[in-house]
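Remarks on the structure that follows.
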Number of protein chains: 2
Amino acid sequence: MTRQRQQILAVLAATRSHPSAEEVLAEVRRTLPGVSLGSIYRNLKRLREAGLVREIVTAEGRRYDAVTSPHPHFVCERCSRVYDLPEPVAAEALRRALPEGFAVSQIHLELKGTCPECGSLTS
Amino acid sequence: MTRQRQQILAVLAATRSHPSAEEVLAEVRRTLPGVSLGSIYRNLKRLREAGLVREIVTAEGRRYDAVTSPHPHFVCERCSRVYDLPEPVAAEALRRALPEGFAVSQIHLELKGTCPECGSLTS
DNA sequence: TGGTAGAATGTGAATGGTTCTCATTCCTAT
DNA sequence: ATAGGAATGAGAACCATTCACATTCTACCA
């Protein structure tokens, strides 16, 4: 566990904003000014493999999340912010509805639309 | 509607395999040998805007789908094939479970794991 | 405390999928 | 037939992510 890796994890644990790699870089640089983007990507990958971080792939890019409990996301189509949603009941039902032979390791649920911040704006 | 655009739509309508842009290119070239990758992307975008085609963004890349009815997908982690799943009951329940102020326009559900083709192989 | 092996870092270059530019070609409608 | 506008093909440009490599750090043990 290097200083860089700790900071990246700390940044992700401290925010609800699902930052992109660039945003993580900016935030980590506030305490470790010398960090490189390469290290951000490398460590995000390692942390992901270790199950400590999750990557959310959307049409707008990749965003990162400290893993707490599994939960679905809501992606705003206007500002592309990612919001957490409470765990839906659906997961187990879905797993049972699957055809034979499919082994599920992750359920990824994403709703799109406009968030409260954007919904109040005139288009 | 140009010949290229028709062919792209035809290719997507005729397969269940959720091809990538490159795979669409290869398939369209069987009847229109001169098509360029640029046209594939341009037309996939137009068809998407027209609601005739859907883009599925996964960690493994973007894949395309002729829109029939809304349905969730299963992505194989080993071969990255995308499979259609029957429409789950969950959608309406989910919409109701959302906090105030979120307006949903799309529900994107993706399961990951191994498909029957890969499940039988030794790792 | 010092020394060392192996892993992680920063830099910058490479990659690869997607978008853009632009000159040329194709439709459509007159 | 012909002009105007849109779509095309070719290739350059873009940009997020990954890679390569020389340097630095970390953890561990004497």
Side-chain angles (χ1 to χ4, degrees), chain A residues 1-12 17-65 75 77 79-82 108 110, chain B residues 1-12 17-65 73 75 77 79-82 108 110 112:
Chain A
M1 257 293 179
T2 61
R3 243 168 309 143
Q4 289 86 338
R5 199 171 304 170
Q6 286 171 341
Q7 269 308 305
I8 291 170
L9 195 49
V11 162
L12 287 177
S17 79
H18 305 86
S20 64
E22 288 281 357
E23 287 163 350
V24 173
L25 176 67
E27 201 56 33
V28 172
R29 279 199 170 152
R30 293 164 56 91
T31 36
L32 267 55
V35 220
S36 67
L37 188 52
S39 288
I40 300 293
Y41 277 111
R42 254 191 312 256
N43 283 312
L44 285 174
K45 184 175 183 187
R46 300 256 159 75
L47 291 167
R48 203 159 7 105
E49 289 163 354
L52 297 171
V53 161
R54 169 164 44 163
E55 183 182 66
I56 308 160
V57 181
T58 75
E60 295 79 29
R62 301 178 185 213
R63 306 186 150 255
Y64 299 89
D65 204 5
V75 181
E77 288 177 317
C79 65
S80 70
R81 261 185 283 242
V82 178
H108 180 73
E110 206 172 285
Chain B
M1 261 290 179
T2 61
R3 243 167 308 140
Q4 289 86 338
R5 197 169 307 169
Q6 286 170 341
Q7 269 308 305
I8 291 171
L9 195 49
V11 162
L12 287 177
S17 78
H18 306 84
S20 64
E22 288 282 356
E23 288 164 350
V24 172
L25 175 66
E27 201 55 36
V28 171
R29 277 198 171 153
R30 293 164 56 91
T31 37
L32 267 56
V35 220
S36 66
L37 188 52
S39 289
I40 301 293
Y41 277 110
R42 255 191 312 257
N43 283 312
L44 285 174
K45 184 174 183 190
R46 300 256 160 75
L47 290 167
R48 203 159 8 106
E49 289 164 353
L52 297 171
V53 161
R54 169 164 46 162
E55 183 182 65
I56 309 160
V57 181
T58 76
E60 294 79 28
R62 302 178 185 212
R63 306 185 151 256
Y64 300 90
D65 202 7
H73 290 109
V75 181
E77 288 177 318
C79 65
S80 72
R81 260 185 283 242
V82 178
H108 180 73
E110 205 171 285
K112 292 201 173 190

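- Here the closest heavy-atom approach between residue Val35(A) and residue Leu25(A) is recorded as O-CD1, 3.8 Å.
- Side-chain contact check for Leu37(B) versus Glu22(B): some heavy-atom pair is nearer than 4.5 Å.
- Annotation: the terminal axes of the helix from dT1(C)-dA30(D) to dT30(C)-dA1(D) meet at 20°, where each axis is the rotation carrying the C1' atoms of four end pairs onto the next four (5 pairs per end, rounded to 10°).
- Not one N or O on the side chain of Arg29(A) forms a donor-acceptor pair closer than 3.5 Å with the backbone of Gly34(A).
- Residues satisfying the side chain to side chain contact (heavy atoms under 4.5 Å, CB included) criterion with Thr31(B), sequence neighbours excluded, are Gln7(B).
- None of Val24(B), Leu47(B), Asp65(B) except one satisfies the side chain to side chain contact (heavy atoms under 4.5 Å, CB included) rule with Leu12(B); the exception is Val24(B).
- In this structure His18(B) satisfies the ring pair (Phe, Tyr, Trp, His ring centres under 6.0 Å) test together with His73(B), sequence neighbours excluded.
- On the nucleic acid side, DNA chain C contacts chain B at distances under 4.0 Å to non-hydrogen atoms, with the end points of that region at dG17(C) to dC27(C).
- Map Lys45(B) and Met1(B) each onto its nearest nucleotide of DNA chain C; the residue landing nearer the 5' end is Lys45(B).
- A side-chain donor-acceptor contact under 3.5 Å links Thr58(B) and Glu60(B).
- Applying the salt bridge (Lys or Arg N to Asp or Glu O under 4.0 Å) test to pairs two or more places apart or on separate chains, none has a residue in residues 33-47 of chain A.
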Residues Glu23(A), Arg63(A); criterion salt bridge (Lys or Arg N to Asp or Glu O under 4.0 Å); working and verdict: CA-CA 9 Å; Glu23(A) 287 163 350; Arg63(A) 306 186 150 255; 3.7 Å; yes
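- Nearest heavy atoms, Ser20(B) versus Tyr64(B): C-CD1, 4.3 Å.
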Going 5' to 3' through nucleotides 3-16 of chain D, assign each nucleotide B (protein heavy atom under 4.0 Å from a base atom), S (under 4.0 Å only from sugar-phosphate atoms) or - (no protein heavy atom that close). ----SBB------S
